[in-house]
Every structure is written in C-alpha cells, then in structure tokens.
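All remarks here apply to the structure that follows.
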Amino acid sequence: MNSITPLVSYIFRCNTDVTSLNSGTAVKEVVIYVSDYITKSSLKTHVIFDSIKSIFAKNCEMIGGSLPSKEKARQLMTKVVNLLSTKMEMGAPMICMYLLGNPDHYTDHKFVNFYWQSYVSEARRVWCADENLDITNSTDKFTLIKQKGKLVGLSPVFDYIYRASELENMTLYDWVCQCTRVKIPAKKQSLTQNTLDNLDECHESDTEIDPALGTLGKNMFAFTRDHPLHRGHAIKVSPPKDTVIPNIVGATLPRRDQGDQEYYCSTM
C-alpha cells in the first residue's frame with residue numbers, strides 16, 4: 001500500500017503518502033531515509049567548481065555562438081543552478097521560493113519568542129532581601145548601549161516594568177501578545193525632548209507623567225522616565241486582530257506536583 005489516505009489528509013491538512021511498515025527492516029529504511037533527508041550537508045567547494053566547469057565544457061558552442069552576451073549568461077546561470085540543485089537534492093519550488101524572498105512555510109498566526117525566566121527573576125527580586133532567595137544562578141541577559149558617554153544595561157523586562165500608566169493593568173501575557181517597542185520618528189523625538197526639558201525645569205523629582213503622549217501616533221504610549229530609551233522609543237499596542245502568539249522559550253516551566261513550590265507559584 002502506497003497511496004493517499006483521505007482520513008490522514010483531512011486530519012493533517014496536507015498531502016500524505018501512506019506506507020505500511022510490517023517489518024523492522026522497513027522501519028529502519030524509513031528512519032535512514034528521513035534522517036538523510038533532513039540532515040543534508042552543503043556541497044564541498046571542489047564539487048561546486050567541478051559542476052560549474054562541466055557546464056562550461058558542455059556548452060562551448062553556445063558560448064562561442066552569436067547569441068547576445070546577456071542571453072548566454074542567463075542560459076549558463078540556469079544550467080548551473082539546475083545542476084547544483086540536483087546535487088544538493090533540493091526541489092525547484094524551494095529554490096524559487098528562496099530567490100523570490102518568500103517564506104518556506106505559512107501560518108495563520110504570527111509567533112514571537114518569550115523568554116519567561118527574566119521576568120520571574122525580576123519579580124522575585126522584591127522578596128530577595130527579606131527571604132534570601134537564590135537568584136545568583138539567574139541567566140538574565142542585558143544589552144549594553146551607550147547614552148551620553150555612559151554604558152547602560154538594557155533588558156526586555158524594562159519595557160514591561162516602565163510601561164505607561166495607561167497600561168499598568170495589562171497582564172504580562174497580553175503585553176507580549178500586543179505590545180512592541182518602536183522608535184519614535186525624529187520629528188516627534190524633538191517635540192518629546194523639548195517637553196521633557198520643560199518638565200525637568202518645573203519638577204525636580206522623578207514623575208510618571210507621560211510627556212510624549214500628545215505627540216505620539218495612534219495606539220502608542222511613552223515609557224516612564226526610568227526607562228533607558230524613554231526619549232527615543234515608545235510602546236505600540238496592536239489591535240486584537242494583529243496580536244501574536246508567545247512562543248515560551250527557556251527552561252522547562254515548573255510543575256505544581258514536583259520541584260520548588262515557591263518557584264512554581266512565582267512563575268504562575
């Protein structure tokens with residue numbers, strides 16, 4: 001049996017090639033075939049040059065013919081690509097998709113990586129001084145940026161901590177789904193800078209006033225002053241139809257029935 005099964009095609013929503021595996025040998029052959037197919041190594045340099053040389057050797061008459069130079073080059077490149085794709089065992093549709101800049105897969109939703117451990121570590125710091133929580137093994141990562149001659153550490157967690165007051169009731173999950181940090185256009189940055197300077201002259205202490213809210217675009221909110229990028233960046237809230245799905249990246253999420261119960265509660 002080697003045919004299409006309507007039930008499997010309906011469940012997986014794709015073309016299927018169903019084969020009956022009744023012996024250990026058949027199973028091993030399929031495993032070897034699949035492993036070889038998904039672990040294709042790139043061609044060696046000498047193989048690539050030998051392929052190109054063979055194309056030129058087989059098309060000497062065409063190269064010395066009366067065709068325009070542009071047409072000769074087009075035909076030679078086509079033959080080279082076809083030969084290399086054959087040796088690399090790559091299909092023409094896949095190569096065309098790459099050359100046209102199209103993705104190699106399609107989904108009905110957009111996904112974004114969410115590194116959850118940094119947020120948990122930051123939340124637990126509040127109780128660290130009182131309860132001596134162990135956060136020395138934290139894997140938090142920071143990006144160093146230079147501002148006014150000083151190095152400043154920047155973490156994705158800052159975007160959520162120093163969000164605008166209008167978004168303070170937004171949950172972390174909704175934040176990841178809907179909010180992104182965007183750069184404020186240069187013209188609006190100058191307006192924001194002037195407003196901040198005026199506020200600095202009137203208020204000596206830090207405040208959570210949103211000075212750039214009036215100059216930002218629709219569904220955009222300014223960071224509070226404690227954010228290292230509050231003068232040049234803002235928060236953009238996407239409408240529900242454009243939300244993304246978080247792809248939780250990092251260590252395995254803690255379980256309720258085993259492990260550190262306090263850490264599980266902190267994460268949840």
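Heavy-atom minimum distance, V47 versus K87: CG1-CD, 4.1 Å. Between C177 and P246, the closest heavy-atom pair is SG-CD, 3.6 Å. Summarising the geometry of R231 relative to I184, their closest heavy-atom pair is O-CD1, 4.3 Å, with the distance given to 0.1 Å.
Considering only residues two or more places apart in sequence or on other chains, Y115 meets the ring pair (Phe, Tyr, Trp, His ring centres under 6.0 Å) condition with none of them. A search for side chain to side chain contact (heavy atoms under 4.5 Å, CB included) contacts involving I32 returns nothing, not counting sequence neighbours. Remark: R256 pairs with no residue by the salt bridge (charged side-chain N to carboxylate O under 4.0 Å, His left out) rule, at least two apart or across chains. With sequence neighbours excluded, the residues satisfying side chain to side chain contact (heavy atoms under 4.5 Å, CB included) with T25 are S23, E29.
Of the inter-residue distances, the one linking D50 atom CG with L83 atom CG reads 9.0 Å to the nearest 0.5 angstrom. Rounded to the nearest 0.5 angstrom, N247 CG and N113 CG are separated by 5.0 Å. W175 contributes atom CH2, which lies 5.5 Å from atom CG of D159 (distance to the nearest 0.5 angstrom).
By the criterion of side-chain heavy atoms lying less than 4.5 angstrom apart, applied directly or through intervening Ile, Leu, Val, Met, Phe, Trp or Tyr residues, V249 is not grouped with V176; the two fall into different hydrophobic clusters. Hydrophobic clustering (ILVMFWY, side-chain heavy atoms < 4.5 Å, transitive): Y264 and I248 are in distinct clusters. Hydrophobic clustering of Ile, Leu, Val, Met, Phe, Trp and Tyr side chains at less than 4.5 Å, counting indirect connections, keeps F49 apart from I55. Linking ILVMFWY residues whenever their side-chain heavy atoms come closer than 4.5 Å, directly or via other members, places V34 and L21 in the same cluster.
In this structure, the side chains of F56 and C60 stay at 4.5 Å or more apart for every pair of heavy atoms. Counting heavy atoms from C-beta outward, V244 and H109 have side chains that stay 4.5 Å or more apart. For the pair I235/M220, no side-chain contact is recorded, criterion being any heavy-atom separation below 4.5 Å from C-beta on. Side chains of T267 and Y263 form a contact here, defined as non-hydrogen atoms less than 4.5 Å apart. The side-chain heavy atoms of I63 and L76, taken from C-beta on, include a pair separated by under 4.5 Å.
At least one donor-acceptor pair under 3.5 Å links the side chain of R163 to the backbone N or O of Y160. Between the side chain of N82 and the backbone N or O of T78, at least one donor-acceptor pair lies under 3.5 Å. Checked by atom type and distance alone, the side chain of Q178 pairs as donor or acceptor with a backbone atom of S238 at under 3.5 Å. At distances below 3.5 Å, not a single donor-acceptor pair connects side-chain atoms of D174 with backbone N or O atoms of M170. One N or O on the side chain of W116 and one on the backbone of A251 form a donor-acceptor pair closer than 3.5 Å. A distance-only check finds a donor-acceptor pair linking the side chain of S54 to the backbone of S51 [under 3.5 Å]. Judged purely by atom type and a 3.5 angstrom limit, H227 has no side-chain atom pairing as donor or acceptor with the backbone of T224.
Residue F111 belongs to a hydrophobic cluster whose other members are I245, with links defined by side-chain heavy atoms closer than 4.5 Å.
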_Apply side-chain contact (heavy atoms from CB on, under 4.5 Å) to residues M62 and L67 and explain how you reach the verdict._
CA-CA 8 Å; M62 187 268 291; L67 290 175; 4.1 Å; yes

*Using the ring-ring contact (aromatic ring centres under 6.0 Å, His included) rule, take Y119 and F114 through it: C-alpha gap first, then chi angles, then the decisive distance, then the call.*
CA-CA 10 Å; Y119 293 86; F114 171 54; 5.2 Å; yes

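Residue pairs meeting the salt bridge (Lys or Arg N to Asp or Glu O under 4.0 Å) criterion with at least one member in residues 63-80, sequence neighbours excluded, are E71-R74.
Counted within 6.0 Å of CE on M77, heavy atoms from surrounding residues, nucleotides or ligands total 12 or fewer; the atom is thus considered open.
A centroid separation of 6.0 Å or more is found between the aromatic rings of F223 and F158.
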